[in-house]
Structures are given as C-alpha cells and as structure tokens.
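Right, one structure below, let's go through it.
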Amino acid sequence: MTASMLPLFVAIPLAAAGALTILGRRPRVQAVAMLVVLASALAGAVALIVAFRDGGAWADAVGLWPFGIAIPFAADMFTALMLTFTLFVTIVCAGFAMASGRAASPFFSPLLLVMVAGVSGALLTADLFNMFVFIEVMLLPAYGLFVLAAPGSAPLRQIAGARLYVTVNLLTSTIFLTGVGFVYGTAGTVNLAELAGVAAEDDTVALAMAICIFALSIKAAAVPVHGWYVRAYPATSPAMTALFSALHAKVAIYAIYRLYAVVFDGEERFLWIGIAVVITGMVIGGLGALGENDSRTVLAFSTVSQIGYILLGVALFTGAGLAAGIFYLLHHIVAKTSLFLSVGAVEERYGTGTIGHVWGITKREPWIAAAFFVAALSLAGIPPFSGFVAKLSMIIAAIDAGQVLAVVVMLAVSLITLIAMLRIWNGVFWGRPPDQVLRTHEEKDLPVAGATPGDGTSVVLDTGTKPRIGVALAVPAVVLAMLTIALGLGAELLLGLSETAAAGLTDTSAYIEAVTNP
Amino acid sequence: MLLACVATVVATCVLAPLVTRLLGRSAGWILSIPLLAAAAGLIVLGSGTQHVPWMPTLGIGFDLRLDGLSLTFMLLVLLIGAAVLTYSSRYFAVGRHTRYFTLMTAFAAAMTMLVLANDVVLLFVSWELTTLCSFLLIARSGAKARRPAIRTLLVTAMGGLSLLGAVTTMAVATGTTQLSEIIADPMWQEDTAVASTVIALLAIAAFTKSAQFPFQAWLPDSMVAITPVSAYLHAAAMVKAGIYLLLRFSPAFSEVPLWNTMLITSGLITALLGAVAALRRYDLKELLAYSTISQLGLLVAMIGVGTPEAIKAATVHTVAHALFKSALFLFVGVIDHRAGTRDIRALTHMRIRMPVTLGAITISAASMAGLPPLLGFVSKESMFTAFVDAPATPWGPITITVAAAVASALTFAYSARIVMGARGHDPDGREVTEVRPAVWAAPSLAALAGLVLGLMPFTLDPLISGAATAATGTTVEAHLALWHGFNLPLLISALVITTGVLLVLARKKIQPVLLTYRLPFSALDVVEAILAGLARTGRVVSGWSSSTAPRLHLAMPVIVTIGIGTVGVLGLSGLPAIDGNASRPLDWVLVVLLAAGVIAAMMVSTRVGAVVVVGVVGFAMTLWFMSLGAADVALTQLLVEILTVTVMVLLLRRLPTDFKPTPLRRTLPSLVIAVAAGLTTTLGVWALTGRRSMSSAAEYYLTEGEGVTGGANVVNTILVDFRALDTLGELSVLGVAGIVIATLLRSRRPASARRIEIDENSPLADALDNSVFTRTLARLVGPLIVILSVFLLLRGHQEPGGGFIAALVGGAGFALIYLMSPTDDVRRIRLPYLALIGAGIVIGAGTGLFGLTEGSFLAPLHTEILGYKLTSALVFDVGVYLAVIGIVLSAFNLLGLPHPHERDAAHGFDEGDDGDDPHADAPQTPDHQEVTA
Amino acid sequence: MTLAITAGLLVMGAVYLLLKREMLRIVLGFVLLGHAANLVIMAAGGASRRDAPFGAPDDLSTVADPLPQAFVLTAIVIAFAITILMLVLAVTGRDQDDDTTVESDVDEEGRS
C-alpha cells in the first residue's frame, strides 16, 4: 500500500459497479465479482491498519494538484479501522441479503458497490465539499437498496419509510451543504488541513462548522433529531436495516470526531453542548426502546441511546475518552449488526419480528438464539463481551473527566438497554408461556402498536410449521456474535488500535502534515 | 500454580459438554473431581499472587491472589460445588443435562475468578458472570421461571452496575485496578466524598447479590430453579459473593461511619424481616430462601460492626451457614423428589420413612438454630461476643445485640418448623421412602461437617485466622471453642434458645397472627411496577416520534437549525466588514420576482399550479446565476428546470389534481417555523458571507488555471481537472439515481394514471392530429439538438458547456421526442439506459485509474490523436455525459410509459424485448401481491 | 444583502412546503431549498465580484470566484437526481401522495 492507492478504495468499487451494471442480469457473476472487490478492499484496509500501527498518516493529493487545490484523500489509524469494520460488515450483510433472497435483483451488486465507494470516500476525504459529495454517493444507492424487494411486492410501509428516509437525508445533506457554503464564506477554504484549528479561534467559522456538525448529527440520529432514524430504518428489509445501521450513522459519527478534532482542535468551550446532547440521547433512546413492539424498531431506538455513548467520547475530548469512543463505535458496528441480522433471520423465516408474535424458537433455532443473546448482552455492556470493554473504558474516561452525571446515566441506561433486549428475547425467542397464548387469541382484535403490516392476520404464529432459518441465514449473525466475544476477551488488540487512533485526534499534526505535504 | 487452579476449574466448564455427551448425568461425578483437585491445590498453596496481562492499555490485568479470605471462600465454592455436582448425578433422570452441567461448572469457574481476583475489573467481570449463570440456570425451569429469571437478572444486574460504578471510581481515584493496592490506599481515610460514594455503591452491589433489604425480593423469587441450583447458587455460593465483597473491602472502610451504618441497618432489618417471613411459609424451599436472607442479614451486620471479633464471627458463620444451608436445600430437594411436594401441610399427611434425610435435616437445622454442639452454635456465640463489644457509635451494642438475639430466636423457631414439617408422621399417609446413598452421600457430608466442626471448632482456627486477618488488615488469631465459660454471650444464647422453644410451643397461637401480618407492598410488585412504569414512559418517549410522516421529522432539524443559527449569529461579535458592494439595484427586481414566486408556491392549491409556480422560481434562479457571473450554472439550472418540470408533468397524471385543504391550526405553526427559518437564513448569509477578500484557491484558479489545464472555462476546469473527484462522485450519483428509479418501479408499481375525460368533439380529442406540429418540429430539431449537445460537450473546457450541460441538452432533446409522441404506449427511445449509466461510471472511474500511471488517481493525461489534442478530462466528461443521459432516459422510459398492468392488451405491445423493463418478471395478474383491506 | 433576502425567502417557502402532507409539495419544497443552498454557496464566494471567470483575467478584483460556481453545479445536478427519485416515490404509494394515506393504509394492512 502507498498513499497514492487510497483513492482505489473508491475507484475500484465504482468501476466494478459500472461494469456490473453493463453486465446486467447475471447474478452469480455479479455476486462473485462483488465479493472479490469487497474482499480485496478489506485486505487493503487491514494493510492500512498494519501500516499505521505506530501512528502516522498518509495522504494523496488526488490529481497531483498543489495543496489547497487538490482534493486530498487522507488516512490514519481511525480511518483504517473504520474502513476495515465497515467493509467487513458489508460483506457479512451482503451474505445475509443473498441468503435471504433479497439480493436476487440485478441491481443489488452495483448499488452495494457504489455505496461502499461512497462510504470509503466519505471516510477518506479531507475536503468538506468532497465529503458532501461522497455522502451523497453513499446515500443514493441506499435509497435503491431501501426499496429493493421482489418484483411488485414492496409493501406500502417500505415506500413510506423510503419517503421519510430520502426526505430527511436530503434535508440533512442540504443543511450540510449550506454549512459547507458558510465555511467557504468565512474561511475561504474547505480543505481540512487549511481549516485546522480555525474554528477554535474564529467564531464565524465555528458557527459555520457547527451547522455541518449538526447536519452530521442528524445522520447519526443524535437527539433531538433521532425520530426519523427510528421510523425509517426498520421499514426496509432486515439485511438493509443492518447494513445501513452499520455504515451510515457510523460514517457521520466518524466525520463528527474528525471535524471536531481537526477544525475545532478539540476546543473546550463547546463541549458542554455535546455532553448535554449525549446524555439526553442515552436516556431518550433507552426509554424509547421500551415503548416499541417491533424488534427492529426497538433495536433502532437503542441505537439512538448507544450513539449517545459513542459521541460521549468526542464530547469529553480526552485521550481516554476518544479511545473509548472509537472502541465503542467499532463494537457497536459489530454488536448491533449481529442483533439486526439475528432478528432479521427470524423475520425472514417467520414473517414477523413483532414482540410476542413469534415464540418459543430457542429450541428450533439455537444458533440464532445464542447469537442474539450474546450480542444483546454485549449491547447492554455485560462482560465478557466487547460492549463491556467499551462501556468500561468510557465510564473510566468520563469519571476521569469529572462527568459524574454522564456516568450515572450511562450505568442506569445500560440497565434499561438490558430490559429492552430482554423484551425481545422474551417476546421472540422464548415466547410466551402457554396460558398467555390463549389470552392473545382473545385479544387479537386489538391493534398491536408498532405491528408490521400483514402480520395482523395471525397474532400467534404456529412456529412449528415454518421452515427453519438454515445455516446460510444464520451464519452472518453468528459470525458477528463470535466477533463480539473475541473483541471482549481479546480486547487488548482493539484497545491498543483505538488508542493509536485517538492519539491521532488529540494531536492532529500527523494528519495535517500528511495532507499539507502528501 | 494459582493460575493452574483457576484453569482447572475453567477447563471443567469447557469440557462439561463433552463429558455429559459421553456419560450423561453421571458426568456429575467426573466433573466434581477437578473441583476437588483445585481445592486441594489451593490448600497446599496457602497463599500467593499471579499476574497475567489482559488489557494493559487500560491497566487491567488478570491478577490473582490467594489469601486466607479467598481460601475460605474458595473451599466453600469448590467443596460445596463438588457435593452438588455429585448429588446432581443421581438427582436427575437419566439424560445428558448438558446445559445444566455446563452452566453449573461455569458458575464455579466464575466464582473462582471472583474470589481469587486481585483486579477490580476481573472481580466485576466474574461478578457479572455469576449473575448470568444464575439467570440462565433459573430460566431453564420452564415458562413459569421466565419472569422470575428476568426479575432476578434485573435486580442483580442493577447491583452489578453499582459495583461497576464503584470499581471505576476506585480505579480512577487510586490510579490502579489492583485490588490489594486499592484497599491499601490511604485516600479512603482522607477523601470522604469519594469514600462515601464508593461505600454506597459497594454496599448496594453487595445488598443486591446477597439479597439484603431493600433488594431481598429476588431470592425467594428465584426458588423456581431446581433444587441443586438453589442449594449452590442461592444458598451457598452466589449469595455469598456479596458477603465476600464486603469482607474484602472491610479493611478500607470498616472505620467509616457510613459503612457501619449502612451495613448494620440493612443487615439487621433483613435478618428480622427474613426470619418473620420464614415463619409464615409453608413451602420448605421458600422457607429456606427466607432463612437464607435472614442469615445473610446477620452476616452483613457482623461485617458492618467491623471489629476483628465481628469479622471473625462473620467468617465462621459464613462457613457454618454454607454447610447447614446447602445440606438443608439438598435434602429438601430429596423430600420434594420422593414425596412430590415440599409443602409442610401436605407433608404432614404422609408417612416419611427417610432416616438419613431426616437425620441430616435435623442436624443442619439444629446448627442453624444455634444449638450446641454444632458449628452454628459456635458461630452464634462468636457473633454475640462481637456484638456486645461493638463500638458505641452509631448503633449502640445493646440495640444490635437485641436485634440479633430476636432474629436468632426466630431462627430457632423456623428451624424447628423445618424439622417438624419435614418429618411427616401420619401413620395412614402415603409412605415415602429413602433415596439411594448416591444421592444423600454428599449432602450428608455437609451436615456431618457441621457437627464435627462444632465438636472440634479449633480445626477451623488456621482458616478463620487467615480469613479474618485478610478481612481486617491486622493480624487476628482465632481460637474457636465450643465452651467459652459462663459469660454474657452464653446467657444471650440461653435466652435465645428459651425464647425459641417458647415460640415453638406457642406456634399454634402465633401462626395465625403471623399470617394476617403482611407488608403493605410486595417487593416483587415494586419491581414489576418499576418495569411497567418504564414501559409506560417508554411508550410516551417513543410516541414523540411515532409517525412515519415526513412532516414531523423534517420539522425537527429545521427548528434546531433555526436555534443554532439565531443563537450563533447573535452571539458573534466583531464581524469583519462587508467586502465591497454585494447588492446591485437590478437585484431587487429578482428579489421581487422570487418573492412573488415563493409566495405563490405557498398559496397554490392545485398540483399543476404548484409545478408551474416552482418552475417559474427556477427560471428566476437562472437569472440570478447570470447576474452573479455564473454562466455555466445558469445554463445548467435552466436545463435542469426544464427536465424536472417535464418529469413532473409525466407524473401528475398519476396524482389527484388538487391538494387537500390544510386546517389553519396546522398551517399556522408551519408558517411560523417557515418565517423563522427564512429569517435565520438571511441572518446567516448576512453574517457569514461576503466579509472576506478573494480566497487563495480562487486566485490560483484564475491566474494559473488556464495555464496548467489548457482550458479557458475556469469553472469547467475545476469540474473536470482540479476537483474531478467531486465530479466522479456526482456522475455516480446521477447514474445510481437511474438505477434506483428502475429498482423502485420494479419493487412496487406506481399509482395508476387518472382517466382524463376529453370531449369527443373537441379538437384536442385526436392525439395524432394535434401532435402534428410538435412531431414536425421535433423531426427538424431533434438532430440539431443532438449535434448541439455534442458540440457543447467538446467545447466545454473553453466556453460554457461540458458534459453536464451537453447531456442535459441532449436530455431535453429526448424529452421533446418523447412529448411529441401521439400516444404513450410506445417506447420512443430504445437506448439501453442502464448500459449508458454503467458505461458512464466505468469511463469516469477508468479515466481516473489511468491517472495512476502519472502518480495519482485522476491525474490529467494529454495525448494527441490525429492532431487533435485529447485530454483525459474530455474522456472524463464523456463519462459524465453518458451518466446524465442515462438517468434522463431512465426517467422518461420508466415513467412515461404506462406500466404493464395499465397497458391495454389490445395494443399487442411486445414486451420482454429487453432486460430492463421494470416489471419484466413481475406477475402480470391485476391483483399482483397487493394486499387490500 | 439582496442574496441574503432571496435565500431567506426561498427557505421560508421551502420549509412551509416541507411541512405539508403531500409528497409533491415536499419535493417542491426541496427544489426551493436547493435553490437557497445554492445561493448561499454563491454568496460565500462574495457577491461583490460578478464578472464571469474565463481565461486568466488581468484584474482579479471584479471576477467572480469560480469555486462556488463549480460547487453549485455539482449540487444542482445531485439535487436533480434526487428530485426525480422523490417524484417517483410520490407516485408509488397508494393513489394519493400524502402521508395520511400511507399511515391509514398501514393500519388497514395491519388489521386485514
């Protein structure tokens, strides 16, 4: 790997997407080509981690134009970690989509590849306007994947969700674009290295950047702009809910971390806003998850809460906090995707993920049940899974920074998260005890809040008659659940890498130097 | 060596699935061997420490330490664990019971790590693991056990979080996670604020684990678990984790009043409550559960007193309790097993002929009641010895001693109830016979140990001395003896026993009184009420964003942006001066034009009207861009406007003509938000733009741009040279939008077009006739437009033009060709739009890849072909061109044509001639998949 | 100032339309919002210099900043793509494009 190869993370998937579009309807070839591209990108990302194991950063001035003119593509440990995790999870989700039969469309592979290109571009770019463009490149294919369904079979809920998803994202992008405009209006540049530390000194630039960061927090589902996320994400197919949750909000969080570190230079004056937002987010997300009956909506709500935890890292802006935040971010990609995929596997086979509508499948589906259980505990921060290490390091960082309220809320909300996860566990995997089944038959005329359309016909499914989930559909969730165990027991590796990544944010000189003199 | 002992226990749990697979229930025998071996190893080792790196980044190690305290608890965990496992091997029916044995050994491993941990994080992790094992073991008992399992998990997990709070606070405050260093840290005596926080958190953690008031409710609740689980986890080992924790931290906190107060108060309340509750129960197991709570309460109170004597008493009583309570549980299990009930009332109607069982129960209950010559008597004597000498503050020794004495008297009474209840002496009742020795052997040992150790308490001296030394921080010599001479404790014991006997004699009178007595609330109801309350709050919170309608979700970001903008701008001070004169007189004309357009767009009530008005605003924008010196932008805006309006017109026929009227109560808030947003925007633009001189990048483009790129159209050179990466992203966006439209229409058919009633006699009726003009025009203009678009493409680098504009012009041409068609059932344009899109993206990305030969992606390349100077920028622009044409075509092709289901079969339109028809493989039946109510 | 006022007007109209129920109005709102964002970017280059940027002008003081123009071009085209997409979404619901229909449909399907 050399710095000039960084744009390949964008170029190769794009070119492959174009070629696969021309190729048209050849699902096998498309799938193989897509997986080869994704796997080689993953290999490249891992190579980057190795390259940055002692810190440092690379940048490529795309097109070899001079500094300030060229769009820079830059990477350091944080970028490399994000690339690795997003690519890995993309492969896993693509596997799930194929296993569930949702990837049969000839458009699936091209759309997914363009989305990967967009994600990678947004992670790599060191130019604000270019970030806007790559966020769009990431979102447009997502719109297509959102509405992907067997021909003529997309339910109205999916379209309604897509409307919400597209409109909110467009509004957000427009706000971001306006913010970028203001940044150019005040600072005269959109290059991150030129903007380094400017917002800490110039309040007008700080205001312009605040608009950008706010726009990113909408995408990250921060409170109070989280509602769309909770409603839109569960409206698409399970595979895509998992994928979007793993990529989109996380890219936005990455950008928030990066921009605050570089452009604000971690300025302390504004941190209280962040603390207030994340604490509210933890509480609202945690409680909201208790108020829903659809498994994926519960999970989406809990994401709102978890994003509070993740963003606390940047709101503390201490070395320990940032490292904890980065670890938390990566853990959440793994654990939450696993949860979405295990619940998704149930939904794909049994037709519904509504709490209390499927039951008693732990015996029939021990692997999926185990995957869900492990990932759920991990999400609630129970040892020995990765979520525990994430929570522990974040709490230590918060105590160290004197944020007692944040610590109390973190602890309390993790109990609420546990309750939310147990609700799904109890209502989908364990199911109700026999006496309650009878009662539900009597109650079936009552509308069930959050019920998915189409499942109202039979409130209680006779799970015994359905086909089993099967290996192909179970493997993705199980693999990620095993990863959350591995990242918990062998946390040291990722903790070390996160610390290196965080060091690149507390001291941005390597990143800036790389962009300035590529 | 220490690590080896831990590894042995962990390995047991890892191997358990395999062993059960091979041996079935008999695995219990085999699995108990490593536990005994580990116990032997620890005894031999006596003390020691070991460090294994774990998470050095956070300073956390897998640190182990064996001292007197951990040895005592380890022996309880391992020996009773072994006993329970052997008991299980015949308690169960024949079968594998893999999960049971795995979880039980996993629990043993977790307890081992908990007790041996010399790192607070390791301690916490093990603590939580025991909670998890407990949850899973309770939950195994079927549907009825789920709710209790969840409640137990939640209460203990809450305690876990409290412990986590304590652990992290201690780690940050002392800068280490080493348990021994934390305890030795002098800061606990100095910084009372931190010390108080930690004490409160630790106490809560211990109270939840050891079922102390006010967290006692989960323990009886958890009795739905099978007996071996109750005996091991909920009597002997797991509930002792809280006791261990308190003993472990006692050296640091035993001098702090808060510690004494919390522990003594909660401990004594629990002891009394538990004992009273135990007297009211008829279910033997439940009775035992309450007795456990009560006994643990006494232990907590002893630790709270904190003197060396008290700690010594606590350790002795821990051992005594583990022995008699596990034996009682296991033998109650035996009775339950044989008699099919454990209800005292039912048992009295049976003839129970189980000499070993009843004997062991009697010995154990006597030990619990504190009768000599059993270990329970020794421990109770030590307790009174410690209590009468308790420090005066904050609780007088008298109060403590009296409370403990009352609890002990009650203990005597319920112990007697157990013995009498289990006896079952109805000669006419069903005969219940003894189990095989394999079942009773191990628990009998525990019961017997209570007797032997009671007779020879001095054998425990080394163990207790070691434990008490570790738990006080000072050297404590224990000299246990059955006979202490005539002293105050003996007198109290005598009083207790006398009272107890009286209570037993008067039981017929006391029982009804006790049964009417009830707490005003049940702790379980409190847990359930909290859960229900949380669920209610949750529904309220999720209700704030319950709608999928975009309105609400679009309003929120706007409102927050208004807030940020207003507060931000008003907070700015010392804005730089405005650079030059930004307003021209002619601008005001545009302002008025736009204002009119915008207001009309807000008022208009028909869909066509709205489209037209917004179109007008778009054209006004074109003028604005012209006036700002942005020729390319103006041209693009114009073309985009034309194409957008065309597409809208295609779609309008699928929608109703009029908007539904909006009630004022909804309009008014929208209007307020809209006006505020507008004002904020104006404020922002005023404050944040036009206040600096030209940027250095702009200067570079204007001075160097033409020289380095060979293009005179600076904007175009930025697009295809300097910032070609943006353009690559943009062309991908366009291309993908085409694919997305195809995907969308493939996934769901669009709403059907409205029927338009046209008067047969109207000149408009005949489509073919009245489209003559446009068709003729298009025939002439069509080729011209194509040539024009190619021309624009080629000249783009120098003059206004370029890939976008060229393709948009081309697209407009296609729009014209489409619109001229007399009927809408024939696809006018048969270009494969998906291939065009794909080609555009491939060319764009491919051109960039060639740049790598020059050292960077998208580096410009120059070659001459046939004397014409060809730059990679032009090739790149061709990519842009193709992608834009692609989306325009896809929009017209997919939207303009009626959907297959709308097509009249009579037209005989041959479909399926290409692969890109969105519904080529859709079921063609009218009802396809659409579920209607 | 004129640019600031124009952008404000556009945002006002845009937000008003965004808060309506019909998807078509929302789309039109976004069209207006896009215009506003573009004007902000143009303003960011400085509206006092307005000569079209061609070649290598001698006097830079009157030439418009070309970078915002390039930004706006990109933004317009991206917005165009999404606008068309949203328009298609507007006609793939039930026979109406307003959100109330969607919600009541969900209910119907849920209970059917």
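Naming: A, B, ... by sequence-line order, numbering from 1 per chain. Because the structure is a prediction, the values reported are computed rather than measured.
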With rounding to the nearest 0.5 angstrom, report the [atom1] to [atom2] distance, [X] to [Y].
{"X": "A:Met5", "Y": "B:Leu852", "atom1": "CE", "atom2": "CG", "answer": "8.5 Å"}
{"X": "A:Leu422", "Y": "B:Leu531", "atom1": "CG", "atom2": "CG", "answer": "9.5 Å"}
{"X": "B:Leu734", "Y": "A:Glu136", "atom1": "CG", "atom2": "CD", "answer": "11.0 Å"}
{"X": "B:Ser747", "Y": "A:Ile159", "atom1": "OG", "atom2": "CD1", "answer": "7.0 Å"}
{"X": "A:Arg163", "Y": "B:His553", "atom1": "CZ", "atom2": "NE2", "answer": "14.0 Å"}
{"X": "B:Phe857", "Y": "A:Ile12", "atom1": "CZ", "atom2": "CD1", "answer": "8.5 Å"}

request  = Find the one option among A:Val114, A:Leu145, A:Thr204 whose heavy-atom pairs under 4.5 Å with chain B are most numerous.
outcome  =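 Winner by heavy-atom pair count: A:Thr204.
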task = Pick whichever of A:Asp203, A:Val205, A:Ile419, A:Ile382 has the most heavy-atom pairs under 4.5 Å with chain B.
result =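 The option with the most such pairs is A:Ile419.
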Between [options], the one whose heavy-atom pairs under 4.5 Å with chain A are most numerous:
{"options": "B:Gly568, B:Gly574, B:Ser696, B:Pro557", "value": "B:Pro557"}
{"options": "B:Thr561, B:Val567, B:Thr689, B:Leu153", "value": "B:Thr561"}
{"options": "B:Ile739, B:Val540, B:Leu858", "value": "B:Ile739"}
{"options": "B:Thr681, B:Leu534, B:Thr537", "value": "B:Leu534"}
{"options": "B:Gly844, B:Gly684, B:Gly851", "value": "B:Gly684"}
{"options": "B:Pro56, B:Gly165, B:Gly160", "value": "B:Pro56"}

message = Atom CE of residue position B:Met556 - does it have more than 12 heavy atoms of other residues, nucleotides or ligands inside 6.0 Å?
response =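 No, not enclosed.
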Against chain B, label [X] side chain, backbone, both or neither, depending on which of its atoms sit under 4.5 Å from a heavy atom there.
{"X": "A:Trp228", "result": "both"}
{"X": "A:Leu64", "result": "both"}
{"X": "A:Ala61", "result": "backbone"}
{"X": "A:Ala15", "result": "both"}
{"X": "A:Leu20", "result": "neither"}
{"X": "A:Phe134", "result": "side chain"}
{"X": "A:Leu148", "result": "both"}
{"X": "A:Asn191", "result": "neither"}
{"X": "A:Ala187", "result": "backbone"}
{"X": "A:Leu111", "result": "side chain"}
{"X": "A:Val190", "result": "side chain"}
{"X": "A:Val407", "result": "neither"}
{"X": "A:Ile175", "result": "side chain"}
{"X": "A:Ile416", "result": "side chain"}

query = What's the verdict on side chain to side chain contact (heavy atoms under 4.5 Å, CB included) for B:Val558 and A:Leu171, showing C-alpha distance, side-chain angles and the deciding distance?
reply = CA-CA 9 Å; B:Val558 171; A:Leu171 176 64; 4.1 Å; yes
What are the two closest heavy atoms between [X] and [Y], and how far apart are they?
{"X": "B:Gly729", "Y": "A:Val133", "answer": "CA-CG1, 3.7 Å"}
{"X": "A:Gly68", "Y": "B:Ala697", "answer": "O-CB, 4.1 Å"}
{"X": "B:Ile564", "Y": "A:Ile211", "answer": "CG2-CG1, 4.4 Å"}
{"X": "A:Ala11", "Y": "B:Ala845", "answer": "O-CB, 4.0 Å"}
{"X": "B:Leu688", "Y": "A:Thr186", "answer": "O-CG2, 3.3 Å"}
{"X": "B:Arg692", "Y": "A:Tyr184", "answer": "NH2-O, 2.7 Å"}

Check whether any side-chain heavy atom of [X] lies under 4.5 Å from a side-chain heavy atom of [Y], and answer yes or no.
{"X": "B:Ser856", "Y": "A:Asp60", "result": "yes"}
{"X": "A:Ile284", "Y": "B:Trp544", "result": "yes"}
{"X": "B:Arg723", "Y": "A:Phe129", "result": "yes"}
{"X": "B:Arg748", "Y": "A:Leu156", "result": "yes"}
{"X": "A:Pro384", "Y": "B:Leu129", "result": "yes"}
{"X": "B:Leu136", "Y": "A:Phe373", "result": "yes"}
{"X": "B:Leu849", "Y": "A:Leu8", "result": "yes"}
{"X": "B:Leu744", "Y": "A:Tyr143", "result": "no"}

Per-residue contact mode, [X] against chain A (heavy atom under 4.5 angstrom):
{"X": "B:Ile718", "answer": "neither"}
{"X": "B:Leu572", "answer": "side chain"}
{"X": "B:Leu132", "answer": "side chain"}
{"X": "B:Ile559", "answer": "neither"}

Residues B:Thr743, A:Phe146; criterion side chain to side chain contact (heavy atoms under 4.5 Å, CB included); working and verdict = CA-CA 10 Å; B:Thr743 311; A:Phe146 197 108; over 6 Å; no
ask   = Have B:Ser542 and A:Glu292 got a donor and an acceptor in their side chains that come within less than 3.5 Å?
value =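 Indeed, the side chains of B:Ser542 and A:Glu292 share at least one donor-acceptor pair under 3.5 Å.
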request  = Say whether, by atom type as modelled, one donor and one acceptor occur between the side chain of B:Trp54 and the main chain of A:Glu492 under 3.5 angstrom.
outcome  =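 Between the backbone of A:Glu492 and the side chain of B:Trp54 there is no qualifying donor-acceptor contact (under 3.5 Å).
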task = Evaluate side chain to side chain contact (heavy atoms under 4.5 Å, CB included) for A:Arg231 paired with B:Ser547, printing each intermediate quantity in order.
result = CA-CA 7 Å; A:Arg231 298 303 151 201; B:Ser547 166; over 6 Å; no
inquiry  = Does B:Phe124 form a ring-ring contact (aromatic ring centres under 6.0 Å, His included) with A:Phe388? I'd like the steps, not just the answer.
reply    = CA-CA 11 Å; B:Phe124 170 76; A:Phe388 163 66; 5.4 Å; yes
inquiry  = For B:Met55 and A:Val389: C-alpha separation, side-chain torsions, deciding distance, then whether side chain to side chain contact (heavy atoms under 4.5 Å, CB included) applies.
reply    = CA-CA 9 Å; B:Met55 291 187 263; A:Val389 182; 3.8 Å; yes
